[in-house]
S.K.: 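So that we are looking at the same thing, I have put the structure below in structure tokens.
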Amino acid sequence: MQLSLVGVAHAYGDADVLTDITLDIPGGRILCIVGPSGCGKSTLLRLIGGLERPTRGQILQMGRAPEGCLNPLTYVFQDFALLPWRSVAGNVRLVLEDHGLPGAEARRIVTDVLARTRLSDFADALPRQLSGGMKQRVAIARALAVNPAVMLMDEPLSALDSQTRELLMDDLVALWTRAPFTSVYVTHNLAEAVRLGHRIVVLSRRPGRIAEMVDIDIPLAERTADHPDLARQQQHLWSIMRDEARAADSELVDG
Amino acid sequence: MAEQGTPVPFRGGGFAPRAKRGVGVVVFIALIALVEWGTRSGWISSLTLPRPSDVLATFGELWSSGRLWEHLAPSLTRFAVGSLFGVCAGIGVGFAIGLFSYARAGLVPLVAALFPIPKIALLPLFVIWFGIDEASKYALIAFGTFTPTVVATYGAVDNVDRTLIRMGQSFGLSWWSIVRKIVLPGAMPGILSGLRISLAIAIILLVAAEMLGAQRGIGAYILEAGSLYDLERLFAGVTILSLLGVAVSFAIGAIEKRLLRWRN
């Protein structure tokens, strides 16, 4: 399944947040959206997943969601959004409960996704007992459980320390390499973008518009933190973003 | 030459009260012992305070004669029935206010108008509406617990983490599932702490209701003792209320421990 954005614009009251975003999200690839803070990239992600309605323009699903997909557009949130009163397995089960799956099937899915995210030993733990990295792995397991057509990831690693971030990036690469998924990955971190993105979209500062689109052809598995091409790409992206980021930084939040 | 060092003065600590076992009991015992000693030695006159040992004797007599249960049973029934109605209605209305714009717009001012009314002042009205029997007492207690429960519940619903609700929506959970599995458990801490206040108010109103038109009940017992200036019985009655309050608080604490195990 592919997504297509046509002339999407969004405003909160009088304040334009996004203008004229036209973008195709290709299947089986990771599309990264980067931009200075407040450029509307998280808003764009909420629009794509239907959590908010765009002021203008259309967001189109091209083709049907694949068989066995319980929730085509599935989010992974920056702050994990785990229910603190449910165990790890319970948090994953939550998103299966409304689909009327037979008990054995639901159990099989929970076991499977926990194994894929290396959480099998922590099925009965409560979120408060987990580190940030493990919490985000639970959120990823939960997203995988509904077999999404598109994963919408909103700064999924931004609440984590840099070491955990590295580990989780490796996890994401491994998951994608095993079974390529379509993803829109919003981040302000350019290193993450060049590590995970097949295509990187740079948004300008508010009101966000597409400033540049960069494709990176190096396979994900071959990308390392010190890859020279990636370093060059990252430098290039930063040169595009630097002035925007500086200007965005000196704006008043409500201005 | 190496200078003589002084240790860095410690400035942290404090501001973190911890549970100390037994201190509460010691305070109680010390106070009671002080009164006992005071009444025995004579610097507290028997008109000021009764002797604690006499209160205990009265209590024992009340117990052995079976009259304790005679007063306690109707009181507990009124407390249970009245607060059950009030709390259930309060949680229901609180959820409606927390979830629906029209309910909020229409009911919040109404609750704000009802909250400060001293419910005891309405007792004659309740007697006319519901009769002199039990129903008016249930209604008074229910009404008294209703408003604080509403306020606590809708505050608790408002405080449920919106990102969790967005998460539920993003996974396509039904509205009812979100309310049941996300809003209700998320609001539970606030509802339970509101319940502490509501039930304390229920005990106060219970006594007030029983002071007006009741033959039996702790309130009636206290009123009778008071009008005869029988301080031992008065204090025995007050002690029962106090114990009832402690028991209720303990029960809510136990529920919190069970339902809120996921916290800290």
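The chains referred to below are lettered A, B, ... by the order of the sequence lines, with proteins before strands, and numbering in each begins at 1. None of these values were measured; they are calculated from a predicted model.
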S.K.: So which heavy atom on A:V95 is nearest to which on B:L173, and how close?
M.R.: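 Taking every non-hydrogen atom into account, CA-CD1, 4.3 Å.
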
S.K.: Closer than 4.0 angstrom, basic N to acidic O: yes or no for B:K181 and A:D98?
M.R.: yes

S.K.: What distance do A:F80 atom CZ and B:L164 atom CG have between them, rounded to the nearest 0.5 Å?
M.R.: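 That separation rounds to 12.5 Å.
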
S.K.: Rounded to the nearest 0.5 Å, how far apart are OH of A:Y75 and CD of B:Q169?
M.R.: 10.5 Å

S.K.: Can you tell me how far apart CG (A:D154) and OG1 (B:T163) are? Round to the nearest 0.5 Å.
M.R.: 11.0 Å

S.K.: Distance check, rounded to the nearest 0.5 Å: A:L126 atom CG versus B:R263 atom CZ?
M.R.: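 Answer for the CG-CZ pair, A:L126 versus B:R263, is 13.5 Å.
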
S.K.: Taking all non-hydrogen atoms of both residues into account, name the closest pair between A:R128 and B:W262 and its distance.
M.R.: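 Shortest heavy-atom contact: NE-O, 2.9 Å.
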
S.K.: Output the distance between atom OG (B:S170) and atom CG (A:L152), rounded to the nearest 0.5 Å.
M.R.: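 Between atom OG of B:S170 and atom CG of A:L152 there are 8.5 Å.
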
S.K.: Just wondering, more than 12 heavy atoms not from B:W176 lying within 6.0 Å of its CH2?
M.R.: no

S.K.: May I ask you to check whether over 12 heavy atoms, not counting those of A:R64, lie within 6.0 Å of atom CZ?
M.R.: no

S.K.: Counting C-beta onward and ignoring hydrogens, is there a side-chain heavy-atom pair between B:M167 and A:L94 closer than 4.5 Å?
M.R.: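 A side-chain contact exists here, since the closest heavy-atom pair is under 4.5 Å.
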
S.K.: Name the option with the most non-hydrogen atom pairs under 4.5 Å to chain A; the candidates are B:P185, B:S174, B:G168.
M.R.: B:P185

S.K.: Identify which part of A:L70 has an atom lying under 4.5 Å from any heavy atom of chain B, answering side chain, backbone, both or neither.
M.R.: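 For A:L70, there is no contact with chain B at all, as no heavy atom is under 4.5 Å.
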
S.K.: For A:R86, is it the side chain, the backbone, both, or neither that has a heavy atom closer than 4.5 Å to a heavy atom of chain B?
M.R.: side chain

S.K.: Are there more than 12 heavy atoms of other residues, nucleotides or ligands under 6.0 Å from atom CZ of B:F85?
M.R.: no

S.K.: Taking all atoms of both residues into account, what is the closest heavy-atom pair of A:N71 and B:F171, and its distance?
M.R.: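 Looking at all heavy atoms of both residues, the closest pair is ND2-CA, 3.4 Å.
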
